[in-house]
Amino acid sequence: MSGAEPKRISDALLAALPEAARQSVGERKLARDQHLFGRGEVPAYMYCVVSGEVHLQRTSEAGSLLVFQRLREGFVSEASLFQTTYHCDAVAVAPTIVRSIPIEIFREGLRQEAFQERWLRHLGQELRRARTQSERLGLHTVRERIIHYVETEGSNGAVRLGFPVKAWAGDLGVAHEVLYRTLKSMKLAGEIATEGSLVRLLRIRDRT
C-alpha cells in the first residue's frame with residue numbers, strides 16, 4: 001500500500017495495522033459473476049471492495065435469490081471474522097477489485113489499540129448505515145424511498161450517485177423500471193431535478 005493519505009474507510013483501517021501486517025495485504029481482480037467466496041467455506045481472508053460491486057447472497061429453499069448486502073466499497077462480511085464458515089455467497093456483479101488480508105493477521109491486528117479503535121468506529125458506522133437502510137426499505141412508496149435516500153446519503157438536498165440508476169434500484173428494493181417511472185413522474189411534478197449523476201430535491205409538499 002502507498003503512503004498517500006487514505007481516501008477510503010478500508011484504506012484508513014489497513015493503514016492503522018503494523019507495518020509487517022500491511023505487507024501482507026494483497027489484491028484480487030474478479031470478473032462479473034465470479035465468486036469471491038462461497039457459503040460453507042472456511043474464512044481465510046478479510047476482504048474489502050476497492051471498485052466494482054459485490055453482493056452477499058443466498059438461494060432460498062424455494063429457489064429464489066436473496067441479496068443481503070450490496071457493496072461497492074468497504075469490507076465484505078465483517079460478521080465472518082470470528083465464524084467457522086461463511087453463511088452466504090459473495091459474488092461480483094461487475095468487474096471488481098478487492099483487497100485481501102489473511103484473517104489471522106487481521107485478528108492479530110485487533111490487539112493493537114489504534115487498529116481496534118478504528119475497527120470499532122467502522123462497525124458503528126456500518127450499524128448506522130444498516131439501520132438507515134432498514135428504515136428506508138420500510139417506507140411504502142418508491143417516491144418516499146427516493147426522498148429518504150437523497151436526504152440521508154447526500155447533503156443540502158442533493159446526492160451524487162456513483163453507480164448506474166439500475167443499481168440504485170437494487171438499493172431501494174424496487175425494479176429498475178419502477179424507479180425510472182417514479183423519477184420521471186417526480187421530475188414532471190417539479191419535485192426533483194437530475195443533472196448527470198446528481199439528483200436534487202426541489203420542492204416536496206408532502207411525504208405521503
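Proximity of a side-chain donor or acceptor of R58 to a complementary backbone N or O of L65 within less than 3.5 Å is not detected. T96 places a side-chain N or O within donor-acceptor distance of the main-chain N or O of A94, the cut-off being under 3.5 Å. Remark: the backbone N or O of H148 is paired with a side-chain donor or acceptor of T152 at under 3.5 angstrom. In this structure, Q112 contributes its side chain and G109 its backbone to no donor-acceptor pair below 3.5 Å.
Taking the six-membered ring for Trp and thresholds of 30 and 60 degrees, F115 and F106 have ring planes more than 60 degrees apart, a perpendicular arrangement. By the 30° and 60° cut-offs, the orientation of the rings of W119 relative to H122 is tilted.
Side-chain contact check for S197 and R160: at least one donor-acceptor pair (N or O, by modelled atom type) lies under 3.5 Å. Counting only N and O atoms by type, the side chains of E135 and T132 include no donor and acceptor under 3.5 Å apart.
For the pair V54 and V91, the minimum side-chain heavy-atom distance is 4.5 Å or more. E41 is not listed as a side-chain neighbour of R39, based on a closest heavy-atom distance of 4.5 Å or more. Two residues are said to be in side-chain contact when any heavy atoms from C-beta on lie closer than 4.5 Å; R129 and Q133 fail this criterion. Counting heavy atoms from C-beta on, the side chains of R28 and Y47 come closer than 4.5 Å. Under the 4.5 Å side-chain criterion, counting only non-hydrogen atoms from C-beta, K184 is not in contact with R181. Taking 4.5 Å as the limit, some side-chain heavy atom of L179 sits within range of a side-chain heavy atom of I146. Side-chain atoms of L30 and L36, non-hydrogen and from C-beta on, do get closer than 4.5 Å to each other. Using a 4.5 Å cut-off on side-chain heavy atoms (C-beta onward), Q34 and K29 make no contact.
Distance check, rounded to the nearest 0.5 Å: CZ of R107 to CD1 of I103 gives 4.0 Å. Remark: M46 CE to S77 OG distance equals 7.5 Å, nearest 0.5 Å. One finds the OG atom of S51 at 13.0 Å from the CZ atom of R72 (value rounded to the nearest 0.5 Å).
Among residues two or more places apart in sequence or in another chain, the salt bridge (Lys or Arg N to Asp or Glu O under 4.0 Å) test is passed with D89 by none. Partners of R145 under the salt bridge (Lys or Arg N to Asp or Glu O under 4.0 Å) rule, at least two apart in sequence or in another chain, do not exist in this structure. Every salt bridge (Lys or Arg N to Asp or Glu O under 4.0 Å) that R121 has, sequence neighbours left out, goes to E117.
What you find for I101 and S24 is that their closest heavy atoms are CG1-OG, 3.7 Å. What you find for T182 and R143 is that their closest heavy atoms are CG2-N, 3.9 Å. Scanning all heavy atoms of the two residues, the minimum distance from D171 to L137 falls at O-CD2, 3.8 Å. The shortest non-hydrogen separation linking M186 to I147 is CE-CG1, 4.0 Å. Listed here is the closest heavy atom pair of Q116 and L110: NE2-O, 3.1 Å. The two residues G170 and R70 come nearest to each other via the heavy atoms O-NH1, 3.2 Å.
Crowding of R32 atom CZ: a count of heavy atoms from other residues, nucleotides or ligands under 6.0 Å not exceeding 12. When the shell of 6.0 Å around CZ of F37 is examined, it contains more than 12 heavy atoms from other residues, nucleotides or ligands. Shown here is E27, whose CD atom has more than 12 heavy atoms of other residues, nucleotides or ligands within 6.0 Å.
Both L161 and V174 are part of a single hydrophobic cluster, where members link through side-chain heavy atoms under 4.5 Å apart. Hydrophobic clustering (ILVMFWY, side-chain heavy atoms < 4.5 Å, transitive): Y45 and L71 are in one cluster. Y86 is not connected to V93 by any chain of hydrophobic side-chain contacts under 4.5 Å among Ile, Leu, Val, Met, Phe, Trp and Tyr, and they are in different clusters. Cluster membership for V199 and L172, using ILVMFWY side-chain heavy atoms within less than 4.5 angstrom, is shared. With hydrophobic clusters built from ILVMFWY side chains whose heavy atoms lie under 4.5 angstrom apart, L198 does not share a cluster with I192.
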Can you list the steps and then say if T194 with R200 is a side chain to side chain contact (heavy atoms under 4.5 Å, CB included)?
CA-CA 6 Å; T194 59; R200 184 181 301 280; over 6 Å; no
In sequence, state the C-alpha distance, the side-chain angles, and the governing distance for L183 and V165, and then conclude on side chain to side chain contact (heavy atoms under 4.5 Å, CB included).
CA-CA 10 Å; L183 289 171; V165 173; 4.0 Å; yes
Go through it in stages, so that I can follow the logic: the residues are R136 and E144, the test is salt bridge (charged side-chain N to carboxylate O under 4.0 Å, His left out), and I'd like the CA-CA distance, side-chain angles, deciding distance and then a yes or no.
CA-CA 8 Å; R136 182 180 305 128; E144 289 178 295; over 6 Å; no
Step by step, work out the side chain to side chain contact (heavy atoms under 4.5 Å, CB included) result for E126 and Q69.
CA-CA 12 Å; E126 288 302 301; Q69 190 174 11; 4.1 Å; yes
Would you sort out whether T59 and L66 count as a side chain to side chain contact (heavy atoms under 4.5 Å, CB included), showing the intermediate values?
CA-CA 6 Å; T59 302; L66 306 175; over 6 Å; no
